[in-house]
Amino acid sequence: MELFKLFIVCLLEVRRLEEDSLKHLSQVGKFEIEHLVRKYWKDVWNYSYVLTQKHDIADDIAQETFIRAFRSLDSFRSESTVKTWLLKIARNATINYKRSAFFRKMVLMDYVQNNFSSPSAEKNYFDGRFADRIWELVMRLPLKQREVLLLNAHYQMSLADIADLLVLPEGTVKSRLHRARMKLDEWLKEE
């Protein structure tokens, strides 16, 4: 039991040191930049994808997010975590992208899912189908509810952090999250 407690303390200390090392982002070098991209790329890309529902646009926005972040490293004030800061940049980049004339004029096919590989076992197949169905239902939610649900469930952000990221009152975030969960429950019960 003591060994487990020591392990947890060590993990927490490593996490604290990592966050402390990122507090002064304006002084980062090539190694730290590569570390940040490797650590947060997937989170930024997934968030961008949920907001746009397009793979290629999420690629562009994730790339744009890191370019903007590294151009304005001195604007990071350590008032939030690095992840929250990057997700806020990604959200703003998404909003700007959606407002652009290019996005409004673009007409693309609806989301097409290609399954080139088949599951090797029945359980994997059914697990994959269930996960796909859940994501389909999440993607049917209105953007405001989908965004809050993703930030809370996937990124495990607190209501206060989500409210800070979205520049909303905490009560609004809480009600959107509640409505999103209720709607998903309703849809799942119908099935």
Side-chain angles (χ1 to χ4, degrees), residues 8 11-12 15 38-65 80-99 103-104 106-191:
I8 296 298
L11 279 177
L12 292 173
R15 182 179 233 172
R38 286 181 189 273
K39 182 173 182 176
Y40 297 112
W41 179 270
K42 187 175 180 182
D43 290 332
V44 169
W45 188 91
N46 286 336
Y47 184 57
S48 301
Y49 176 75
V50 166
L51 295 177
T52 62
Q53 298 183 9
K54 306 286 184 199
H55 288 276
D56 54 336
I57 296 173
D59 290 340
D60 293 344
I61 290 173
Q63 185 176 9
E64 180 68 23
T65 297
S80 63
T81 64
V82 175
K83 184 195 292 188
T84 302
W85 181 63
L86 288 170
L87 291 177
K88 189 165 195 158
I89 294 171
R91 184 173 191 271
N92 291 337
T94 302
I95 290 169
N96 291 342
Y97 192 82
K98 285 184 172 184
R99 286 182 184 157
F103 186 85
R104 286 191 301 269
M106 217 164 91
V107 178
L108 296 175
M109 288 177 31
D110 284 336
Y111 176 72
V112 177
Q113 185 176 10
N114 293 322
N115 290 327
F116 295 110
S117 63
S118 61
S120 61
E122 186 176 295
K123 182 182 181 328
N124 290 339
Y125 173 77
F126 285 117
D127 288 348
R129 296 273 299 158
F130 182 71
D132 288 347
R133 185 64 189 140
I134 295 295
W135 275 110
E136 286 173 15
L137 293 175
V138 168
M139 295 309 240
R140 280 179 42 195
L141 289 169
L143 178 60
K144 292 177 180 181
Q145 292 176 5
R146 182 179 354 136
E147 183 176 25
V148 171
L149 183 68
L150 174 80
L151 291 171
N152 180 258
H154 183 71
Y155 294 109
Q156 299 176 354
M157 291 176 70
S158 68
L159 294 177
D161 286 343
I162 296 171
D164 182 47
L165 174 69
L166 301 178
V167 192
L168 292 171
E170 202 169 320
T172 302
V173 171
K174 192 173 183 178
S175 70
R176 285 182 184 177
L177 184 60
H178 176 73
R179 281 191 225 117
R181 288 177 178 160
M182 294 302 289
K183 195 63 171 171
L184 283 177
D185 276 349
E186 178 185 321
W187 289 338
L188 286 171
K189 284 177 184 176
E190 288 175 4
E191 294 184 6

Heavy atoms from other residues, nucleotides or ligands near NE2 of His178 exceed 12 (cutoff 6.0 Å): no
Non-hydrogen side-chain atoms of Leu188 and Leu137 separated by less than 4.5 Å: yes
Salt bridge (Lys or Arg N to Asp or Glu O under 4.0 Å) contacts touching residues 147-175 (sequence neighbours left out): Arg91-Glu147
Sequence neighbours excluded, every pair satisfying salt bridge (Lys or Arg N to Asp or Glu O under 4.0 Å) that has a member inside residues 176-187: Lys183-Glu186
Least distance between heavy atoms, Val44 atom then Ala90 atom: CG1-CB, 4.0 Å
Check against side-chain contact (heavy atoms from CB on, under 4.5 Å), Tyr47 and Thr94: CA-CA 10 Å; Tyr47 184 57; Thr94 302; over 6 Å; no
Any Leu86 side-chain heavy atom under 4.5 Å of Trp41 side chain: no
Minimum-distance pair of heavy atoms, taken over all atoms of Tyr40 and Lys83: CE2-CB, 3.6 Å
Separation of Arg133 CZ from Trp187 CH2 (nearest 0.5 Å): 9.0 Å
From Ile61 atom CD1 to Asp56 atom CG, the distance as rounded to the nearest 0.5 Å: 9.5 Å
Residue pair Leu149 / Ala180: nearest heavy atoms and the distance that separates them: CB-CB, 4.2 Å
Stepwise side-chain contact (heavy atoms from CB on, under 4.5 Å) test for Met157 and Leu87: CA-CA 11 Å; Met157 291 176 70; Leu87 291 177; 3.9 Å; yes
Thr81 side, atom OG1; Leu165 side, atom CG - distance, nearest 0.5 Å: 9.5 Å
Close side-chain approach of Leu151 and Leu166, heavy atoms under 4.5 Å: yes
Lys144 atom NZ: more than 12 heavy-atom contacts under 6.0 Å: no
Separation of Tyr97 OH from Glu64 CD (nearest 0.5 Å): 10.5 Å
Heavy atoms from other residues, nucleotides or ligands near CE of Met182 exceed 12 (cutoff 6.0 Å): no
Spacing of CD1 belonging to Ile162 relative to CG belonging to Asn152, to within rounding of 0.5 Å: 4.5 Å
Rounded distance (nearest 0.5 Å) linking atom OG1 of Thr172 with atom CG of Leu159: 11.0 Å
For the student: nearest non-hydrogen atoms of Tyr49 and Met139, plus distance: CE2-CE, 3.5 Å
side-chain contact (heavy atoms from CB on, under 4.5 Å) between Thr65 and Trp45, worked out: CA-CA 9 Å; Thr65 297; Trp45 188 91; over 6 Å; no
